[in-house]
Amino acid sequence: MTFVVFDLDGVLVDSEQVWDGVREELAHERGGNWHPGAQRDMMGMSSREWSRYMHERIGLAESPEEINRIVVERMLERYHAGPPWIPGALDAVRRLAAAFTLGLASSSNRELIDAVLEAGGIADLFRATVSSEEVARGKPAPDVYLEAARRLDADPADCVAVEDSHNGIRSAKAAGMACIAIPNAHFPPGDAVGEADLVLGGVGRLTPDAVRLVA
């Protein structure tokens, strides 16, 4: 039996630049030292990790907990009118849900995962969803994918991850999963794309047959 485990940001919703904008805006508001590599550094980190990064590396005086609270609040505000769905993403989820059992392994906070899936009317299509704030380490560590497999009652070797980022691809592969990469145009995965088992040009090309190629 094959299971498919989706990433969220950059695969289903075009949100990486939303995260980037919210955190950069906060850094400038609070006198932090934002730098061009900050978004790439934080991509895949759990909320504990990126909020600590904002406190320690970017130099915000607020505690990591307060930084996390503010950023999540602002992300929810951005999503209020509807998440920025990547074209074809909702159809891809429905298409794969008809053929496989689905999970989700995301670096987003639990509140954001739940809000996005509910807004898209696809929450019930996922048997298990995991936020990296619910495990010890964020991506590229394998923890979030291993926990998704555990909640699915699946062997990681029977799972196919769908990812867009360098840290996400490495996280899935470290967990022992096959990985389909759909590179994010705004934040391409670089060399890590070579570690994927299959590379697709867009989520609209994600079909059951594509999953079976790597399963």
Side-chain angles (χ1 to χ4, degrees), residues 1-22 43-44 46-47 68 71-135 138-139 144-145 147-154 158-165 168 171-172 177 179-187 198 200-212 215:
M1 183 177 183
T2 300
F3 301 80
V4 177
V5 185
F6 281 88
D7 176 39
L8 181 66
D9 296 287
V11 171
L12 301 181
V13 286
D14 194 13
S15 54
E16 297 290 7
Q17 64 269 33
V18 183
W19 279 102
D20 196 23
V22 166
M43 191 177 291
S46 70
S47 58
N68 179 62
V71 169
V72 170
E73 184 178 87
R74 293 185 182 186
M75 289 294 294
L76 287 168
E77 288 173 359
R78 299 295 198 282
Y79 288 171
H80 182 69
W85 295 105
I86 290 175
L90 290 171
D91 286 341
V93 170
R94 296 186 185 108
R95 190 163 56 236
L96 265 60
F100 308 106
T101 300
L102 304 187
L104 184 136
S106 174
S107 299
S108 274
N109 300 66
R110 169 54 61 186
E111 303 100 303
L112 293 168
I113 292 171
D114 292 346
V116 168
L117 298 186
E118 287 293 339
I122 56 173
D124 291 344
L125 299 182
F126 291 88
R127 178 183 291 180
T129 62
V130 185
S131 165
S132 61
E133 66 183 352
E134 297 164 357
V135 296
K139 302 171 184 178
V144 68
Y145 276 107
E147 178 62 14
R150 188 191 70 78
R151 294 186 191 183
L152 288 167
D153 195 23
D158 293 329
C159 298
V160 176
V162 183
E163 269 289 353
D164 69 299
S165 70
S171 174
M177 296 185 182
C179 183
I180 295 175
I182 304 175
N184 186 298
H186 304 288
F187 302 99
L198 179 66
L200 298 177
V203 72
R205 298 182 182 181
L206 183 61
T207 64
D209 284 343
V211 171
R212 293 183 186 107

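Numbering starts at 1 and runs along the sequence shown.
For the pair S15 (side chain) and V18 (backbone), a donor-acceptor distance under 3.5 Å is absent. A donor-acceptor contact shorter than 3.5 Å links the side chain of E134 to the backbone of S131. The main-chain N or O of A105 is found under 3.5 Å from a side-chain atom of K139 such that the two form a donor-acceptor pair.
When all heavy atoms are compared, the tightest approach of N109 to N68 is ND2-OD1, 3.0 Å. Contact record, V11 with I86: O-CD1, 3.5 Å, taken as the closest heavy-atom pair. Taking each heavy atom of E118 and A123 in turn, the nearest pair found is OE2-CB, 3.5 Å. Contact between L206 and L200 at its shortest, heavy atoms only, is CA-CD1, 3.8 Å. Looking at every heavy atom in both residues, V203 comes nearest to P87 through CG1-O, 3.4 Å. The heavy-atom pair separating W85 from G120 by the smallest distance is CZ2-CA, 3.4 Å.
A salt bridge between E73 and R78 is absent, with no side-chain N of the basic residue lying under 4.0 Å from a carboxylate O of the acidic one. A salt bridge does not link E77 to R74: none of the charged side-chain nitrogens sits closer than 4.0 Å to a carboxylate oxygen. A salt bridge links D114 and R110; the closest N-O separation between the charged side-chain nitrogens and carboxylate oxygens is under 4.0 Å.
One finds the CG atom of L12 at 8.5 Å from the CD1 atom of I182 (value rounded to the nearest 0.5 Å). One distance of note links CG of L8 with CD of E163; it measures 10.5 Å at 0.5 Å rounding. Here D91 contributes atom CG and T207 contributes atom OG1; the two are 13.0 Å apart, rounded to the nearest 0.5 Å. Summarising the geometry, atom CE belonging to M177 is positioned 4.0 Å from atom SG belonging to C159; distances are rounded to the nearest 0.5 Å. With rounding to the nearest 0.5 Å, the separation of CG in L104 from CZ in F6 is 8.5 Å. Taken from CE in M43 to CG in N184, the straight-line distance is 6.5 Å, to the nearest 0.5 Å.
Counting heavy atoms from C-beta outward, T101 and F126 have side chains that stay 4.5 Å or more apart. At a threshold of 4.5 Å between non-hydrogen side-chain atoms, the residues D158 and M1 do not count as touching. Residues F100 and V211 are in side-chain contact: their nearest non-hydrogen atoms beyond the backbone lie under 4.5 Å apart. Residues V135 and V130 are in side-chain contact: their nearest non-hydrogen atoms beyond the backbone lie under 4.5 Å apart.
Among S106, S107, S47, S46, the one residue that satisfies the side-chain hydrogen bond (donor to acceptor under 3.5 Å, both in side chains) test with E133 is S47.
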**Test salt bridge (charged side-chain N to carboxylate O under 4.0 Å, His left out) applied to R127 and D153, step by step** = CA-CA 10 Å; R127 178 183 291 180; D153 195 23; over 6 Å; no
**Item:** Verdict with reasoning, D7 to V162, per side chain to side chain contact (heavy atoms under 4.5 Å, CB included)
**Value:** CA-CA 6 Å; D7 176 39; V162 183; over 6 Å; no
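Residues S108 and D9 bring a donor and an acceptor atom of their side chains to less than 3.5 Å of each other.
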